Amino acid sequence: MARPFPATRSAAMSEAEIRSAENTLKAGTWAITAGALLFSVLTVTPLVRSVTPAGWDWTAPILPLVVDAAVIIVVQLDSVISRLGGKSGFWPALLRWMTGVMTLALNVGNSALHHDYVGVAVHAVAPLLLIVTAEAGLAYRRAISAALARIAQEQEEQRERDRIAAEEEKERQQAQHERDQATQAEAEREAREYEQQRLRDEREHTLALEKERTARETAERQDRLEQEKAEREYRARLERERAERELAERRRQEERADQERREKTEREERARLLEQQRQAQSAATVPAPARAVSPKAVKQANRVVQSVVMSNEFAGMTTDDAEQALFKLYRAARDASQYPAWEQDPQAQPGGDFCGSNLGRRLGRSDASGRANVKPKFERWYEEYQASKDASAKKELVGVS
């Protein structure tokens with residue numbers, strides 16, 4: 001009996017190569033079987049005819065055909081059983097050896113009866129070759145079936161391993177895909193967080209720049225306002241100083257004018273007194289009753305109210321300039337007045353140079369306008385003048401201190 005193929009060698013051969021060898025074995029077996037059957041029919045028929053009764057010679061080929069049919073059955077079924085990987089058992093083995101022995105006996109029977117040993121040897125070749133081929137073919141088929149089964153098992157195991165490897169690869173790829181997705185999601189989340197942080201930083205930076213710009217603009221505006229305020233205060237101070245200088249200059253001029261007027265008035269008073277004395281001396285030569293004269297009466301006589309209203313006194317001046325010129329005269333008269341109250345001075349009483357009616361007429365207006373408008377305006381201006389003069393006096397005193 002042939003031994004099975006080693007696993008390493010069968011594994012090295014492909015299934016197609018093994019099946020090709022099996023087909024070769026099958027073809028060779030059937031060729032040997034067909035040759036042996038034909039040779040057996042031709043050899044056994046004469047032997048059977050020699051022992052068959054007369055008239056039954058035509059039955060001689062039946063016996064070798066029956067034996068050959070048994071041989072074919074044995075060979076074919078052994079092939080199928082070996083393919084299925086099973087064992088035929090006792091009776092198939094008995095049938096196989098019985099058919100083999102019968103074929104051998106029938107083939108060498110005629111030569112053996114004639115003591116032809118050479119014929120026995122010659123006619124024993126085909127049966128022995130058929131018997132050995134049947135046994136060898138059975139062993140080959142079993143080895144081939146085992147090899148094919150092993151290859152099939154190995155292929156199945158390989159397919160199982162491939163399937164497991166494919167599943168593991170799929171699981172690995174799935175896990176890798178899930179890890180990649182998780183990594184991508186984490187990267188996207190980090191990117192979103194980074195973008196959000198960048199936007200927050202950008203907004204904060206923009207707000208900081210805006211606050212800084214606003215603070216800078218506020219500081220610049222505050223500096224500009226303070227500078228403008230300082231400039232206004234400086235201009236106002238210059239204007240006040242200029243106005244104060246002009247006022248002081250006007251005051252000095254007015255004081256000089258008042259002094260000149262007082263000196264002129266004194267000279268006129270002295271001249272009138274001298275004239276009155278001369279008139280008194282002249283009248284002293286004429287007797288007249290003596291009459292006591294009070295000092296107040298004498299003083300009132302010295303301040304005779306005369307109309308000073310002149311036509312075209314402020315000709316060529318505007319209304320404002322005429323008012324300013326007349327107010328200077330009004331202010332000088334008030335400053336030079338010796339009366340406790342200005343209204344007690346004859347110049348301010350009705351008919352005087354600076355009463356309300358004459359002030360209106362001197363400006364070319366009506367008496368009512370002079371009393372209702374000009375006189376109150378001059379009084380208000382005089383109060384402002386006195387207030388500014390007092391303030392200047394206080395400022396000069398502070399400067400001297």
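Given the structure is predicted, the values throughout are model-derived calculations rather than measurements.
Residues that satisfy the salt bridge (Lys or Arg N to Asp or Glu O under 4.0 Å) test with R224, not counting sequence neighbours, are absent from this structure. Listed by chain and residue number, E169 satisfy the side chain to side chain donor-acceptor pair (under 3.5 Å) test with R172 (two or more places apart in sequence, or in another chain). Partners of R334 under the salt bridge (Lys or Arg N to Asp or Glu O under 4.0 Å) rule, at least two apart in sequence or in another chain, are E379. E168 is linked by a side-chain contact (heavy atoms from CB on, under 4.5 Å) to I164, counting only residues two or more places apart in sequence or in another chain. For the side chain to side chain donor-acceptor pair (under 3.5 Å) test, no residue two or more places apart in sequence or in another chain qualifies with Q324. Residues satisfying the salt bridge (Lys or Arg N to Asp or Glu O under 4.0 Å) test with E195, not counting sequence neighbours, are R198. Scored by the side-chain contact (heavy atoms from CB on, under 4.5 Å) test, A121 finds no partners at all (sequence neighbours excluded). Looking at residues two or more places apart in sequence or on another chain, you find no salt bridge (Lys or Arg N to Asp or Glu O under 4.0 Å) involving E171. Under the side chain to side chain donor-acceptor pair (under 3.5 Å) criterion, E190 pairs with no residue, sequence neighbours left out. Under the rule for a side chain to side chain donor-acceptor pair (under 3.5 Å), R380 has no partner lying at least two apart in sequence or in another chain.
In terms of modelled atom types and a separation under 3.5 Å, the side chain of D116 and the main chain of G119 share a donor-acceptor contact. Q349 places no side-chain N or O within donor-acceptor distance of the main-chain N or O of C355, the cut-off being under 3.5 Å. With hydrogens and angles ignored, the 3.5 Å screen pairs no side-chain donor or acceptor of S369 with any backbone N or O of R365. Side-chain atoms of N358 come within 3.5 Å of backbone atoms of G352 as a donor-acceptor pair (strictly under, hydrogens ignored). Between the side chain of T218 and the main chain of T214, a donor-acceptor pair closer than 3.5 Å is present.
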Walk me through it: do Q253 and R250 pass the test side chain to side chain donor-acceptor pair (under 3.5 Å)?
CA-CA 5 Å; Q253 292 178 0; R250 286 197 303 270; over 6 Å; no

Derivation of the salt bridge (charged side-chain N to carboxylate O under 4.0 Å, His left out) call for R237 and E241
CA-CA 6 Å; R237 182 170 60 82; E241 292 177 356; 3.0 Å; yes

What do the steps show when you test Q158 against D162 for side chain to side chain donor-acceptor pair (under 3.5 Å), and what is the final call?
CA-CA 6 Å; Q158 183 64 35; D162 293 341; 2.8 Å; yes

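K170 has no carboxylate O lying under 4.0 Å from a charged side-chain N of E167, or vice versa, which leaves the two without a salt bridge. A salt bridge does not link R245 to E249: none of the charged nitrogens lies less than 4.0 Å from a carboxylate oxygen. K375 has a carboxylate O that lies under 4.0 Å from a charged side-chain N of E343, or vice versa, which qualifies the two as a salt bridge.
Residue pairs meeting the ring pair (Phe, Tyr, Trp, His ring centres under 6.0 Å) criterion with at least one partner in residues 221-251, sequence neighbours excluded, do not occur; the list is empty.
For the residue pair D180 and T183, no side-chain donor N or O sits within less than 3.5 Å of a side-chain acceptor on the partner. R256 and Q259 are not linked by any side-chain donor-acceptor pair at a separation below 3.5 angstrom, with hydrogens and angles left out of the test.
In plain terms, the two heavy atoms of S111 and V120 that are nearest each other are CB-N, 3.4 Å. Nearest heavy-atom pair across G370 and P376 is O-CD, 4.4 Å. In terms of heavy-atom proximity, E154 sits nearest to R161 at O-NH2, 4.3 Å.
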Tabulate below the donor-acceptor pairs under 3.5 Å that side-chain atoms of residues 381-388 make, not counting sequence neighbours, or state none.
from: Y382; atom 1: OH; to: D335; atom 2: OD1; distance (Å): 2.6
from: Y382; atom 1: OH; to: Q386; atom 2: NE2; distance (Å): 2.6
from: S388; atom 1: OG; to: E384; atom 2: O; distance (Å): 3.2
from: S388; atom 1: OG; to: Y385; atom 2: O; distance (Å): 2.8

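Ring geometry for F354 versus W342: interplanar angle of 30 to 60°, hence tilted.
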